[in-house]
Number of protein chains: 2
Amino acid sequence: MKITYKGDYALKAVLALSVRYGTGVVTIHELASEADIPLKFLEQVLLELKRGGFVESKRGKIGGYLLAKHPAEIKVGDVVRFVDGPIEPITCVEKKYSGCRDIYKCAFRGIWQDVSKAISGIIDNVTFEDLARQIKKRQEAFSYSI
Amino acid sequence: MKITYKGDYALKAVLALSVRYGTGVVTIHELASEADIPLKFLEQVLLELKRGGFVESKRGKIGGYLLAKHPAEIKVGDVVRFVDGPIEPITCVEKKYSGCRDIYKCAFRGIWQDVSKAISGIIDNVTFEDLARQIKKRQEAFSYSI
DNA sequence: GTATACTCTACTAAGTTTATAGAGTTAGTA
DNA sequence: TACTAACTCTATAAACTTAGTAGAGTATAC
């Protein structure tokens with residue numbers, strides 16, 4: 001499992017949209033400057049997220065992006081797997097694999113399966129609602145402290 | 001975390017040497033054909049493992065490789081980290097990192113730290129003695145069944 | 001002194017990552 | 001209608017990583 005910049009950007013974009021869920025659209029430009037992401041790269045990431053059903057877009061002058069579902073329905077794992085591919089640390093643990101000629105000899109397979117399960121257990125148990133709530137709390141705490 | 005072919009080959013080589021621990025040296029050629037690894041690639045992997053203190057070599061006509069320590073003293077995690085680098089899924093969780101300008105905003109950091117801990121919890125709790133014992137058991141079971 | 005096996009450096013083809021460029025499309029509004 | 005702001009799509013490219021190959025060099029048993 002490796003989180004690439006693309007994956008990182010995707011997660012941050014979805015989180016930014018989660019925090020603003022229900023408040024209309026956000027432009028790529030806003031998202032890019034807020035999260036410090038190269039604009040043209042973010043364009044591609046958002047298009048991909050759209051194809052994946054995570055976000056929706058509105059074109060035209062007052063256009064922008066918004067979340068396609070409620071933040072509670074999007075897990076961190078969903079975005080990671082969609083953008084950066086399978087979380088398995090090695091190919092032989094992915095579902096369709098049928099490689100290892102003598103599978104009984106592959107002493108490591110069990111370990112990689114355990115690793116995969118452990119990772120899933122973490123990233124599939126955090127939704128963007130959880131993360132958005134954290135962010136909002138911090139923002140409140142910050143504004144009180146002024 | 002991603003296990004590359006190099007990492008995979010390294011693990012298999014160390015395991016093969018673990019199974020034969022105490023029985024003298026094994027040539028690269030034997031290891032390569034036993035584990036179906038390209039010979040010249042395995043050469044490099046073994047040299048690297050030697051520099052890492054995992055294996056020792058004996059040159060000359062009756063030369064070959066052997067484990068530098070007892071299999072019980074080598075964890076799977078040691079080899080993985082040495083050959084394929086840090087197991088952290090993203091740079092910002094590695095020890096020396098001091099990047100994130102506003103770390104309090106990085107809502108994902110905690111997740112990646114949890115993932116790292118979970119992976120470590122698995123790969124640092126399996127030694128090559130454990131794995132070698134498994135292999136030997138299977139070999140026995142196999143020979144009984146004939 | 002020769003065969004065998006490890007040592008070391010360099011090279012390369014292919015794939016992935018991280019962007020950048022630019023032309024095209026949609027929709028609000030003056 | 002014309003203009004503008006914003007999304008859409010395809011192509012390209014530099015840098016890096018991976019996986020493997022090549023070949024000359026060094027040590028040691030016999």
Side-chain angles (χ1 to χ4, degrees), chain A residues 1-13 17 24-52 54-68 80 82-86 89-92 99, chain B residues 1-13 16-17 24-68 80 82-86 89-92 99:
Chain A
M1 182 209 210
K2 165 108 184 290
I3 306 299
T4 65
Y5 271 86
K6 190 165 80 168
D8 188 43
Y9 294 161
L11 290 169
K12 283 176 176 158
L17 293 175
V25 301
V26 188
T27 67
I28 298 182
H29 186 78
E30 284 179 89
L31 289 172
S33 67
E34 193 177 305
D36 200 34
I37 300 172
L39 187 79
K40 295 295 282 179
F41 197 7
L42 183 58
E43 275 183 8
Q44 295 178 45
V45 172
L46 284 169
L47 277 178
E48 210 170 316
L49 287 172
K50 186 183 171 186
R51 291 184 197 114
F54 296 99
V55 304
E56 281 171 5
S57 64
K58 209 190 154 206
R59 298 176 74 159
K61 193 148 186 186
I62 323 186
Y65 279 91
L66 64 150
L67 230 51
V80 168
F82 180 73
V83 176
D84 278 338
I90 192 167
T91 323
C92 73
Chain B
M1 182 211 212
K2 165 111 184 289
I3 306 300
T4 64
Y5 270 86
K6 190 165 80 167
D8 187 43
Y9 294 160
L11 290 169
K12 283 176 176 161
L17 293 175
V25 301
V26 188
T27 66
I28 299 180
H29 186 79
E30 284 179 88
L31 288 173
S33 66
E34 193 176 306
D36 200 34
I37 300 172
L39 187 81
K40 295 296 282 181
F41 197 7
L42 184 57
E43 273 183 10
Q44 294 179 45
V45 173
L46 285 169
L47 278 178
E48 210 171 314
L49 286 172
K50 186 183 170 183
R51 292 185 195 114
F54 295 98
V55 303
E56 281 170 4
S57 63
K58 211 191 154 207
R59 297 175 73 159
K61 191 150 186 186
I62 323 189
Y65 279 92
L66 64 152
L67 231 49
V80 168
F82 179 74
V83 176
D84 277 339
I90 193 169
T91 324
C92 75

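Heavy atoms only: backbone and side chains are in, while hydrogens, waters and symmetry mates are out. Below, chain A is the first sequence line, B the second, and so on; all start at residue 1.
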Chemist: How do A:G7 and A:I62 order along DNA chain C: which one's closest nucleotide is nearer the 5' end?
Modeler: A:G7
Chemist: Which of these nucleotides, C:dT7, D:dC7, D:dT21, is closest to any side-chain atom of A:S57?
Modeler: D:dC7
Chemist: Of the options C:dA19, D:dT4, D:dA29, whose atoms approach the side-chain atoms of A:K61 most closely?
Modeler: D:dT4
Chemist: Pick out which of A:V55, A:L67, A:L17, A:L66 makes a side-chain contact (heavy atoms from CB on, under 4.5 Å) with A:V26.
Modeler: A:L17
Chemist: Which nucleotide in the set D:dT8, D:dA22, D:dA11 lies at the smallest distance from any side-chain heavy atom of B:K40?
Modeler: D:dA22
Chemist: Select base, sugar-phosphate, or nothing to describe what A:K50 touches, counting heavy atoms under 4.0 Å on all strands.
Modeler: sugar-phosphate
Chemist: Let's test your reading of the model: under 3.5 Å, does the base of D:dT28 pair with the side chain of B:R59 as donor and acceptor?
Modeler: no
Chemist: Pick the nucleotide of DNA chain C nearest each of B:I28 and A:E43; which residue has the one closer to the 5' end?
Modeler: B:I28
Chemist: Which residue pairs pass the salt bridge (Lys or Arg N to Asp or Glu O under 4.0 Å) test with at least one member in residues 43-61 of chain B, sequence neighbours excluded?
Modeler: B:K6-B:E48, B:K40-B:E43
Chemist: Taking CD1 from B:I37 and C1' from D:dT21, how many angstroms apart are they, rounded to a whole number?
Modeler: 16 Å
Chemist: If you check the A:Y5 side chain, which of C:dA27, C:dA19, D:dC30 turns out closest?
Modeler: C:dA19
Chemist: Hey, does the side chain of B:T27 come within less than 4.0 Å of C:dT4's phosphate (OP1/OP2), counting only N and O?
Modeler: no
Chemist: Near A:F82 CZ, under 6.0 Å, is it more than 12 heavy atoms from other residues, nucleotides or ligands?
Modeler: yes
